[in-house]
Amino acid sequence: MSFETRTTGDLMQIAAAGGGFVLDAATRTTSDLIQIASAARQGGARVLLRGMATRRTEDLVQIGNAGGGAVQFSSDPKPQNP
């Protein structure tokens with residue numbers, strides 16, 4: 001299932017309901033990612049944000065603060081196949 005095509009609002013609803021997911025977040029705004037992270041924190045979900053290598057440290061800190069431990073970052077934009 002691809003989460004990249006879902007709206008930020010949809011992702012927030014999923015995360016707030018406790019559903020975790022992996023998202024290629026390279027094209028999402030920092031503001032959108034903060035909202036998703038906050039929803040994940042609220043719902044107790046775990047969210048992995050891929051494609052974050054080019055983000056400024058300040059942006060990652062803001063997203064991380066909003067997630068309160070519910071968010072993980074990866075520089076790899078593509079999922080790894082075992």
Side-chain angles (χ1 to χ4, degrees):
M1 172 189 270
S2 174
F3 287 95
E4 286 72 25
T5 59
R6 296 187 183 271
T7 68
T8 298
D10 288 345
L11 295 172
M12 290 171 60
Q13 286 182 353
I14 293 165
F21 49 86
V22 176
L23 178 67
D24 182 353
T27 61
R28 301 270 177 169
T29 67
T30 298
S31 175
D32 285 349
L33 296 176
I34 288 170
Q35 291 178 69
I36 293 167
S38 179
R41 178 182 193 168
Q42 171 190 339
R46 296 283 182 238
V47 176
L48 172 60
L49 301 176
R50 295 190 332 249
M52 302 298 285
T54 60
R55 294 283 173 154
R56 297 177 321 138
T57 299
E58 294 82 7
D59 293 339
L60 297 174
V61 169
Q62 287 182 320
I63 296 164
N65 280 334
V71 177
Q72 222 178 344
F73 301 116
S74 171
S75 61
D76 186 4
K78 298 180 182 178
Q80 305 247 336
N81 292 328

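None of the values given here were measured: they were computed from a predicted structure.
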Residue pair Arg50 / Val22: nearest heavy atoms and the distance that separates them: NH1-CG1, 3.0 Å
Under the side-chain hydrogen bond (donor to acceptor under 3.5 Å, both in side chains) test, residues paired with Arg55 that sit two or more places apart: Thr30
Pairs meeting criterion ring-ring contact (aromatic ring centres under 6.0 Å, His included) with involvement of residues 14-69, two or more places apart: Phe3-Phe21
Value for OG (Ser74) from CG (Asp24), rounded to nearest 0.5 Å, stands at 9.5 Å
Give a yes or no answer on whether the side chain of Arg41 reaches the backbone of Asn65 with a donor-acceptor pair at less than 3.5 Å. yes
Residues 8-19, side-chain donor-acceptor partners within the protein, below 3.5 Å, at least two apart:
residue : atom : partner : partner atom : Å
Thr8    : OG1  : Arg28   : NH1          : 3.2
Thr8    : OG1  : Asp32   : OD2          : 3.2
Asp10   : OD2  : Thr7    : OG1          : 3.4

Let me confirm one number: the OG-CD1 distance from Ser38 to Ile63, rounded to the nearest 0.5 Å. 12.0 Å
By ring pair (Phe, Tyr, Trp, His ring centres under 6.0 Å), which residues pair with Phe73, not counting sequence neighbours? none
Quick one: ring-ring contact (aromatic ring centres under 6.0 Å, His included) pairs with a partner in residues 53-72, sequence neighbours left out? none
As an exercise, state the distance from CG of Leu49 to CD of Gln72, rounded to the nearest 0.5 Å. 9.5 Å
For residues 32-72, which residue pairs pass the ring-ring contact (aromatic ring centres under 6.0 Å, His included) check, not counting sequence neighbours? none
Check whether any side-chain heavy atom of Leu33 sits under 4.5 Å from a side-chain heavy atom of Asp59, and report yes or no. no
Grab the two heavy atoms, one from Ala45 and one from Ala70, that are nearest each other, plus how far apart they are. O-CB, 3.2 Å
Any donor-acceptor N/O pair, Arg46 side chain to Gly69 backbone, under 3.5 Å: yes
